[in-house]
Amino acid sequence: MTEHVEPLFSRPLLPLANTDDAEVTCATAFPRIAAAGGQASVVHVIEKAGGAPDKAGVEQREEVADELFDIARRAADDAGIELQTDLRFATDVGDAILEAAHEADATAIVFTPRGGRSWWDLFSGAVREELIRHSDRPVVVLPPADSDKGGET
């Protein structure tokens, strides 16, 4: 029996952490998604402290999310792909990303490493462990488009 396997870039979910990450991740992944004839979902998770004071006000963090989604929308328009955005609030960022991937029926979770850091530093240890160990779909790390500059990955 042959099982149909969808291309990784047909419906990936891209977690976006900040504006630099959004620009690099979208610029790197969206051309691949367009080449696959795919569509993308992006998610930004506002981490809640779970009873302790949050790191910043909700309004301020929602403004950051709006900025990330604007970057993603512009890049999606440039690449000619359909884009869904998803803003979540959670105490466990890894669980929130996995839940978003499940709800979007994502074919993969795709991200790029942040500049100047090892890709392992993209997320905290708990988030990294959650994505790598508990994802029921592929987790893809793309080298940033400018990785030929000898950047660390």
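Nothing here was measured: the structure is a model prediction, and the numbers come from that model. Keep in mind that the numbers below use all heavy atoms, side chains included, and drop hydrogens, waters and symmetry copies.
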Once rounded to the nearest 0.5 Å, what's the spacing between atom [atom1] of [X] and atom [atom2] of [Y]?
X: Glu62; Y: Ile46; atom1: CD; atom2: CD1; answer: 5.5 Å
X: Asp95; Y: Leu131; atom1: CG; atom2: CG; answer: 9.5 Å
X: Asn18; Y: His44; atom1: CG; atom2: NE2; answer: 8.5 Å
X: Glu103; Y: Asp86; atom1: CD; atom2: CG; answer: 7.0 Å
X: Ser135; Y: Leu98; atom1: OG; atom2: CG; answer: 5.5 Å

message: So if I apply the side chain to side chain contact (heavy atoms under 4.5 Å, CB included) rule between Phe111 and each of Leu142, Val140, Val139, Ile97, which one comes out positive?
response: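 It is Val139; the other options fail the test.
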- request: Please list, chain by chain and in numerical order, all residues satisfying salt bridge (charged side-chain N to carboxylate O under 4.0 Å, His left out) with Glu99, sequence neighbours excluded.
  value: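 Checked Glu99 against salt bridge (charged side-chain N to carboxylate O under 4.0 Å, His left out); matches are Arg88.
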- prompt: Residues in salt bridge (charged side-chain N to carboxylate O under 4.0 Å, His left out) with Glu6, at least two apart?
  reply: Arg11
For the student: nearest non-hydrogen atoms of Pro12 and Thr107, plus distance: N-OG1, 3.5 Å
statement: In terms of heavy-atom contacts, Val110 and Pro15 come closest through O-CD, 3.4 Å
Side chains of residues 66-83: which donor-acceptor pairs under 3.5 Å do they make with residues two or more places apart or in other chains?
| unit_1 | atom_1 | unit_2 | atom_2 | d |
| --- | --- | --- | --- | --- |
| Asp70 | OD1 | Arg73 | NH1 | 3.1 |
| Glu82 | OE2 | Gln84 | NE2 | 3.4 |

- prompt: Using a distance-only test with no angle check, is there a side-chain donor-acceptor pair under 3.5 angstrom linking Thr28 and Thr112?
  reply: no
- prompt: When you measure from the side chain of Arg61 to the backbone N and O of Glu47, does any donor-acceptor pair fall under 3.5 Å?
  reply: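 Yes; judged by distance alone, with no hydrogens or angles, the pair exists.
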- prompt: Does any N or O in the side chain of Thr25 come within less than 3.5 Å of the main-chain N or O of Ala22, such that one atom is a donor and the other an acceptor?
  reply: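 Judged by distance alone, no pair lies under 3.5 Å.
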Ile33 vs Gln39 side-chain heavy atoms within contact, under 4.5 Å: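 A side-chain contact is absent here, since even the closest heavy-atom pair is not under 4.5 Å.
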- prompt: Do the side chains of Leu13 and His102 get nearer than 4.5 Å, heavy atoms only?
  reply: no
